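Nothing here was measured: the structure is a model prediction, and the numbers come from that model.
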Amino acid sequence: MTRAIIHMQPTASKGEVLAVRVLVQHPMETGYRSGSRGEKLPRNILRRLQCRFDGALVFAAELHPAIAANPTIAFQLRAVQSGTLSVNWAGDNGFDHTETASLTVL
């Protein structure tokens, strides 16, 4: 079961810059390690992170095998209007998970 968390304050003043942190629990396997029987463990990494605010792309990252297990990624977002932040993680083996958080601009 996947667990993803968005850390972001729920309200902000118009024009305020918010710190956003996103975390997903994912085992991450580079594909270079061997298992206990000497077989190569299959690669299982996150490949892409996309963050959209009311449908508009506000942050994206392409991820590679060196990314840590259970990665946390941080970025900033300027509060212009109220809406919903949607964070999508995509990876190997069909992994695809989306979480959302609401922002109210006062």
Would you call the rings of F59 and F75 parallel, tilted or perpendicular, taking 30° and 60° as the class edges? parallel
Mind listing the side-chain donor-acceptor pairs of residues 5-14 below 3.5 Å, one per line with the distance, residues two or more places apart or on another chain?
unit_1 : atom_1 : unit_2 : atom_2 : d
Q9     : NE2    : T11    : O      : 2.9
Q9     : NE2    : E16    : OE2    : 3.1

Show every side chain to side chain donor-acceptor pair (under 3.5 Å) that has at least one partner inside residues 66-88, sequence neighbours left out. N88-D96, N88-T98
Show every side chain to side chain donor-acceptor pair (under 3.5 Å) that has at least one partner inside residues 47-68, sequence neighbours left out. none
Treating Ile, Leu, Val, Met, Phe, Trp and Tyr as nodes and any side-chain heavy-atom pair under 4.5 angstrom as an edge, say whether L77 and V105 lie in one connected cluster. yes
Quick one: does [X]'s side chain get under 4.5 Å of [Y]'s, heavy atoms only?
X	Y	result
V22	W89	yes
L23	P71	no
L49	I73	yes
M28	T30	no
F95	N93	no
L46	D92	no

Give, for atom NZ of K40 and atom OG of S34, the distance between the pair rounded to the nearest 0.5 Å. 5.0 Å
Rounded to the nearest 0.5 Å, how far apart are CD of E99 and CZ of R3? 10.0 Å
Would you please test L85 and C51 for side-chain contact (heavy atoms from CB on, under 4.5 Å) and show each step? CA-CA 7 Å; L85 179 69; C51 303; 4.3 Å; yes
Distance-minimising heavy-atom pair for A4 and H97: CB-CD2, 3.5 Å
Go through it in stages, so that I can follow the logic: the residues are L103 and F53, the test is side-chain contact (heavy atoms from CB on, under 4.5 Å), and I'd like the CA-CA distance, side-chain angles, deciding distance and then a yes or no. CA-CA 9 Å; L103 174 66; F53 190 80; 4.1 Å; yes
